[in-house]
Amino acid sequence: MPLRRWTRDARLTFAMRNPLGGFSRVPAAPALTLRDLWPGDPLVGERLVRNQSLFEGVVRNLQHLQWDNPAWPEAYRRWLQGFTWLRDLRELGAESARIKARSMVATWIGQPASERPITDPSVTGARLAAWLSYYEFFAAAADDNFRQNLMAALIMEARSIMALMPEGARGWRALTALKGLLAVAVAIPDHPEFLSRYLKLIDQEIDQQFLADGSHITRCPEDQFQAVRELAEMLSILQTARLPLPSRLMEVADRAAPALRAMRHGDGGLMLFNGSRERDPQLIEQVLNRASRGRVVAASQPESGYIRLTSGRTMLFADASGPAPAGYDSTAHAGMLSFEFSSGRQRIIVNCGSSTQRGWAEALRVPAAHSVLEMGSLSPITRNQSGAITHRPTVTRAQASQDGAHWLHMTHDGYKPQGGGVYSRQLYLGKDGQTLRGAEALEGTESRDFCVRFHLHPDITVEEIEHGFLLYTQEESWLFQANVAAYLEDSVYLGSGERVDSLQIVLCPPEAPEPPEERAAAEDEEEALETEAHGADHAAAHPQGDTYPEDHAAYSADHAHTASEQDAFYGQPENEGYAEQDASAAYPDHAYAQTDMQGYVQEGEAYAAAPQHSEEDAFSPLLHDAPPADSMPYQAASTTGLSHTDQSEHATQETPSMAEALFAGQDAAADHAPQTEGPTEHGTSAQASESAASSKPAGTAPSPPAMRPVRWALTLMTE
């Protein structure tokens, strides 16, 4: 490979010899004309006729003989030099469009061979395929000299691809280069070296680019789409030429197309991870239909690390893997553990997307541009000056499903070398798709310089209410609640490439819990003050100082009754772990089996509990849905044991808010429960943690209290 780099310029010079000088025979016309599979945009074609270009919403004036400019974005340069805009002129269809296409092609092939920008074989491949796909449109009726020069340019530039590949292009762009080589091979069969070189390189690129589950090695849905489109075009060219289809090419198309289908939201667009865009749903569907006859959706993508959960009308995508390998990580974003959530055809929680504009391209890589935890100025990945990733976090994931409900637990240690600890995220999607719950935690650090962001799609309307935020779509409304302070901030959305203003919900870190000694002292002091005040009340009521045993008995009964009220509301006694709390007292499953008119539980069949010692045990903190805070079963469960006739001061209790009711049981249990490691791909380590705790020396100083997890819930509001 180094030797090929040293001889690169010599190979290019040899490849660009003009065949019209007698080195080889040049046919008068292609033996076979191709057909472009994709539709064009007549508005772009109309701009080109007016000597202007319209690319990604930006209008630029075209200058004669100007095909490159350092000030241009790379994406625009590739588009202009790739001649894919010929489909836009063809879509316009006017005679002026034909003349404009011919004149621009003539300008390109009129340049001296040594001055043409042909160092990028992927751009050259796109250009050759476009020329042959629209030959009938702009060249069939041209004069002989134009057509002869065009055929010579096809041969020279196809040779440049052979001279530069395979190291000249990487990723899906290497497929574009090979597509152009294949197009010339079938159009000019007198040069068999083109086809033989293509067949030799295509298997190598397929093995390098596609993982076993059919996903692209870059882990970018945009690259997945582009790669599948290139595969579809290659298959079409081979079928048009009636050539045998390479078995490796057909096999990878049958794997890559289902993987692409699994990356689509309910609106048909792509999920937004690692530099992806939504893309036109109709174009995606056309690409899929061309690439594979089946309509299969990949059930899982273990190699790529993307998780796709569906329940009811809802769909959740999560990035549960680290950056792509070296050499394929140019689009990698620092959004590990981020997720997107949609209901029906409406996206609700999203990532910000990507952009080809230089400033935005870098800004959208950081964690703050994703629906994930952001830790101050720290970054979970680091890059060198060339853009290569030098620090890659370790990402773990564990997933379970039962009765249509899904649990997902993910961690990454990207912040750990910088003192930020290990980030852990748990997600639970209910079996009916009406509940999404999450828990965010940083383990191994006391830092609270972080926040959790949830970017909202621009179509979502937000109403701030007392207990959270109501998120309105055109068809539904969702309630977002959290056990910590939350507020709204401005955000941006570039899912389509153009900037659109949007909003985001930001969760603040929880307050630091009191050390156990201070909390115990405060509780003892508060209890002493209550006892003293109660004794003073009795002394005032009985000035002679006589004591009445029945008074003490009444006090004890009332005090116990108050405790039972709190147990019914908060879910469990304080000395129990929150892992059992969610599945028991706080929201008993049998409580929402059947209720009478007053909301009290009648006899009904209880839901089956999760099997013990199974994979689901690792997800016990999120095992069950919380009922809507204003539902009758919730009111019944939270008022069990209350005396409806007792009007004494001991029966008076302030009603907590909906958010407090939803999370208080979990937080109270978490304060007193022993901390256990979150689930990983190898299960939990609760027993090891307990053993380590019991083996500590008696004189060891107590460890600081663990940080309370940030818990949140998104619930569909129904009438």
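In this text the structure is predicted, and so the values were computed from the model without any measurement.
A side chain to side chain donor-acceptor pair (under 3.5 Å) with Tyr306 is found for one member of Asp319, Asp213, Asn274 and no other, namely Asn274. None of Arg78, Arg173, Gln81 except one satisfies the side chain to side chain donor-acceptor pair (under 3.5 Å) rule with Asp120; the exception is Arg78.
Atom CD of Gln282 has 12 or fewer neighbouring heavy atoms from other residues, nucleotides or ligands inside a 6.0 Å radius. With a 6.0 Å radius and a threshold of 12 heavy atoms from other residues, nucleotides or ligands, Arg77 has its CZ atom above the threshold. The neighbour count for Arg116 CZ, taken as heavy atoms of other residues, nucleotides or ligands under 6.0 Å away, is above 12.
Not a single donor-acceptor pair under 3.5 Å links the side chain of Arg197 to the backbone N or O of Leu181. Under the 3.5 Å distance criterion, the side-chain polar atoms of Arg277 are left unmatched by any main-chain donor or acceptor of Gly353. Without hydrogens or angle criteria, His370 side chain to Val372 main chain gives no donor-acceptor distance under 3.5 Å. For the pair Gln208 (side chain) and Glu205 (backbone), a donor-acceptor distance under 3.5 Å is absent. With hydrogens and angles ignored, the 3.5 Å screen pairs no side-chain donor or acceptor of Ser236 with any backbone N or O of Ala232. Listed for the Trp79 side chain is no donor-acceptor partner under 3.5 Å among the backbone atoms of Thr84. Panel note: side chain Ser215, backbone Leu211; no donor-acceptor pair is recorded below 3.5 Å. Asn351 places a side-chain N or O within 3.5 Å of a backbone atom of Ser371 that can act as its donor or acceptor partner. Judged by distance alone, the side chain of Gln209 and the main-chain N or O of Gly171 form a donor-acceptor pair under 3.5 Å. Proximity of a side-chain donor or acceptor of Gln52 to a complementary backbone N or O of Arg47 within less than 3.5 Å is not detected.
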May I have the step-by-step check of side chain to side chain donor-acceptor pair (under 3.5 Å) for Glu157 and Trp131, ending in yes or no? CA-CA 12 Å; Glu157 298 198 12; Trp131 284 351; over 6 Å; no

I would like to know whether Arg50 and Glu46 meet salt bridge (charged side-chain N to carboxylate O under 4.0 Å, His left out); could you show each step before the answer? CA-CA 7 Å; Arg50 297 179 181 180; Glu46 184 178 358; 2.9 Å; yes

Apply side-chain contact (heavy atoms from CB on, under 4.5 Å) to the pair Met315 and Phe341, showing each step before the final yes or no. CA-CA 6 Å; Met315 194 174 297; Phe341 180 73; over 6 Å; no

Using the side chain to side chain donor-acceptor pair (under 3.5 Å) rule, take Glu222 and Ser354 through it: C-alpha gap first, then chi angles, then the decisive distance, then the call. CA-CA 10 Å; Glu222 171 74 13; Ser354 64; over 6 Å; no

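The CG atom of Leu195 sits 13.0 Å away from atom CD1 of Ile188, with the distance rounded to the nearest 0.5 Å. Expressed to the nearest 0.5 Å, how far CD of Glu91 lies from CH2 of Trp38 amounts to 14.0 Å.
Salt bridge Glu285/Arg264: present, at least one basic N to carboxylate O contact under 4.0 Å. A salt bridge is absent between Arg383 and Glu362; no separation between the charged side-chain nitrogens and carboxylate oxygens falls under 4.0 Å. Salt bridge Glu303/Arg255: absent, no basic N to carboxylate O contact under 4.0 Å. Salt bridge status for Arg392 with Asp329: present, with a side-chain N to carboxylate O gap under 4.0 Å.
Sorted pairs that involve residues 135-176 and meet ring-ring contact (aromatic ring centres under 6.0 Å, His included), not counting sequence neighbours, are lacking altogether. Judged as a ring-ring contact (aromatic ring centres under 6.0 Å, His included), the pairs with a partner in residues 219-268 (not counting sequence neighbours) are, in order, His265-Phe317.
Between Trp67 and Phe83, the gap from one ring centroid to the other is short of 6.0 Å. When ring centroids are compared, His457 and Tyr493 come within the 6.0 Å threshold.
At least one side-chain heavy atom of Ser103 sits under 4.5 Å from a side-chain heavy atom of Lys100. Val123 is not listed as a side-chain neighbour of Thr176, based on a closest heavy-atom distance of 4.5 Å or more. The shortest side-chain heavy-atom distance between Phe273 and Arg219 does not fall under the 4.5 Å cut-off. A 4.5 Å side-chain heavy-atom check between Pro281 and Asp267 finds every atom pair outside the cut-off. In this structure the side chain of Gln226 reaches within 4.5 angstrom of the side chain of Arg279, judged on heavy atoms. Between Leu182 and Ile202, the closest side-chain pair of non-hydrogen atoms is not below 4.5 Å. For the pair Val500 and Leu494, the minimum side-chain heavy-atom distance is 4.5 Å or more. Using a 4.5 Å cut-off on side-chain heavy atoms (C-beta onward), Thr124 and Leu164 make no contact.
Take Pro325 and apply the side-chain contact (heavy atoms from CB on, under 4.5 Å) test, not counting sequence neighbours, and it matches Ile217.
Of all heavy-atom pairs between Ala29 and Met151, the closest is C-CE, 3.8 Å.
Both the sub-6.0 Å distance and the 45° axial angle are satisfied by Arg60 relative to the ring of Tyr76.
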